[in-house]
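Source: prediction; values computed, not measured. In what follows, chains carry the letters A, B, and so on, assigned in the order in which the sequence lines appear, proteins first and then strands, with residues in each chain numbered from 1.
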Amino acid sequence: MAVLTAARRRRRGATRVPPVVLAFVLVPLLAEAFWVFWPAVQGFYLSLTNWDGVSAPKFVGLGNYREMFGDSVFRTALLDTVLWLLLFGGLSALLGLGAALLLQQERRGVGFYRAALFLPVVFSLTATALVWQAMYQPDGLINNTLEFFGLGRLQHAWLADQDTALYAVIVPALWRQIGYVMVLYLAGLKGIDPVLYEAAKVDGATKWQQFRHITIPQLRSVNAVVLSVIVIDSLRSFDVVWALTRGGPYHSSELLSTYMYSTAFQSLRLGYGSALAVVIFVLAFGVIVSYLVRAFREAD
Amino acid sequence: MTAMNRQARRRAWATASFHAGAGALSLLWLVPIALVLVTSVRSFDDIAANGLGSLPHSFTLSGFRQAWVDGGQGRALLNSLLVSIPTVLLSLALASLAAFGLARYDLPFRRTLLLLMLGGNLLPPQILLIPVSKISEALGLYDSLYALIGVQVGFGVGFYVFVLHGFMRSIPPEIQQAAVIDGAGPWQIYRRIIMPLTTPALAALGALSFTWIFNDLLWAITVLRTDTKMPITASLIGLQGQFVSMWNVIAAGSVIAAAPTVVVFLRFQRHFVAGLNLGAVK
């Protein structure tokens with residue numbers, strides 16, 4: 001290790017970095033600094049102010065955060081966001097893995113099945129939402145199917161009912177996410193050395209034992225990736241809820257991201273909206289850091 | 001019954017049950033897409049009379065005409081392309097240059113810079129929305145497609161740099177050293193050697209980022225205000241409000257909004273899937 005660093009240091013001394021290379025790096029960095037880092041700093045500052053967007057922001061310290069404690073909509077949105085993380089995240093990981101295990105075998109026709117599951121990934125969540133809105137209509141396919149199977153009692157105005165709205169919004173999000181997670185797991189499964197399975201078979205391991213003691217441990221790095229993708233995607237989730245319910249009815253499908261957007265851009269409470277955005281950031285922070293730590297180890 | 005016969009039979013069973021299971025799953029996945037395609041070519045009267053979930057009794061393209069002309073989806077699709085294509089080209093050009101510098105030269109703090117850029121992309125966009133809308137206002141770019149291009153480039157570039165860096169790092173240094181000895185400068189090395197070798201990663205990222213940018217809603221409704229400037233995603237939401245319960249028009253709008261990314265997907269399927277893995281596993 002010491003030799004390596006010494007060699008690297010020597011090389012750095014030997015090859016001076018041409019100025020044009022500095023420009024190569026600095027121009028994109030400045031673009032990002034201008035549109036991301038600088039706004040992010042402002043965002044944190046604004047969370048400490050009251051601001052209507054017109055007159056000057058008024059500094060209120062932690063006032064916005066204190067207000068959250070008494071804000072029942074905030075509590076609903078936080079709870080729904082956690083529920084979203086668990087349900088949307090958990091199910092897309094489980095079902096994505098299941099689909100990958102089913103479709104990993106190289107058989108005739110498997111390409112078609114993979115493409116079918118994967119196709120929704122390229123749709124916008126907005127289009128996805130509208131497709132499912134049609135499915136959820138009172139005279140739509142879901143209610144008709146229930147009727148057909150004699151389950152007419154279960155018919156529902158899925159999106160208009162406070163008890164079902166959130167779950168009805170999760171389904172389209174899942175429909176789109178599972179194919180994506182499946183692709184990640186398919187690549188992970190492909191990367192497992194077949195020798196491991198052969199050795200296990202020689203030792204007389206059952207299919208389940210092979211899955212439990214080879215597949216699961218070998219997928220560890222993919223699991224970490226899937227987990228980060230899921231947490232970050234969950235906290236960013238906005239389009240599908242906005243297009244389907246806008247967080248309603250009566251905030252029953254409100255996520256922190258939709259609440260933040262409507263607070264900021266519809267109620268024009270930019271300070272409080274910023275504070276809500278900071279909460280989203282804090283929730284994502286652990287994942288961001290662990291992702292960066294992993295990236296740091298792999299960067300060379 | 002011989003043992004071989006039994007084994008062959010078991011294998012046939014396994015194949016049949018695999019296709020039954022995977023087929024049913026695929027069918028379940030394709031039903032919503034089929035439903036929307038069918039709905040988009042039904043007439044409004046047919047849907048009103050027979051219900052949304054019934055079998056079609058009509059065929060007409062008037063839903064598409066209404067969405068395209070009256071609903072402004074034609075204009076919106078153009079807006080989306082006017083944003084997506086320059087954004088993809090610009091951010092990949094910038095990112096590949098930065099990745100080249102960071103991967104192939106011993107810049108001070110190169111790892112820190114790399115992670116800083118990636119970290120910016122991992123930030124939840126919500127924290128940026130308000131300041132970005134105010135910055136674009138201050139620059140006089142608010143409600144223009146330039147603001148959308150700017151923020152999409154700035155937000156995306158860090159991730160592309162990270163992916164391309166990993167890719168360029170794996171190119172053997174000898175290839176570059178030969179060029180240095182021949183007197184090639186950084187630009188020539190980038191243009192003649194590194195960039196051509198990075199083409200697969202660029203293609204993968206290009207396909208992937210096109211769908212991301214094309215499908216974005218949040219940035220668009222943050223920096224744009226005027227209806228005629230909105231991209232297709234926002235316009236689709238407008239359609240939903242304008243043509244309430246005219247499901248043939250809304251379905252046609254969804255088909256129009258989904259078509260370009262489906263085309264990209266079908267044309268570049270291999271690159272696209274590679275891109276998802278590049279981004280995640282690397």
Hey, could you give me the [atom1]/[atom2] distance between [X] and [Y], rounded to the nearest 0.5 Å?
| X | Y | atom1 | atom2 | result |
| --- | --- | --- | --- | --- |
| B:R111 | A:F296 | CZ | CZ | 3.5 Å |
| B:S254 | A:W132 | OG | CH2 | 14.0 Å |
| B:L123 | A:I280 | CG | CD1 | 12.0 Å |
| B:L116 | A:L29 | CG | CG | 6.5 Å |
| A:M260 | B:I130 | CE | CD1 | 4.0 Å |
| B:Q240 | A:L244 | CD | CG | 7.5 Å |

With only heavy atoms counted, which part of [X] is less than 4.5 Å from chain B, the side chain, the backbone, both or neither?
| X | result |
| --- | --- |
| A:A284 | side chain |
| A:Q105 | side chain |
| A:Y261 | side chain |

- Query: Going through the distances and angles, do A:V121 and B:F265 end up as a side-chain contact (heavy atoms from CB on, under 4.5 Å)?
  - Reply: CA-CA 10 Å; A:V121 179; B:F265 169 63; over 6 Å; no
If you count heavy-atom pairs under 4.5 Å with chain A, which of [options] comes out on top?
| options | answer |
| --- | --- |
| B:I47, B:T211, B:L236, B:V264 | B:L236 |
| B:V151, B:L28, B:I237 | B:V151 |
| B:I250, B:L129, B:V180, B:V153 | B:L129 |

- Closest heavy-atom pair and its distance - B:N121, A:R236: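 Here B:N121 and A:R236 meet closest at O-NH2, 2.6 Å.
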- Task: Find out whether A:L270 and B:K134 are in side-chain contact, i.e. whether some heavy atom of one side chain is under 4.5 Å from a heavy atom of the other.
- Result: yes
- Message: Please confirm whether the ring centroid of A:F24 lies under 6.0 Å from the ring centroid of B:Y105.
- Response: no
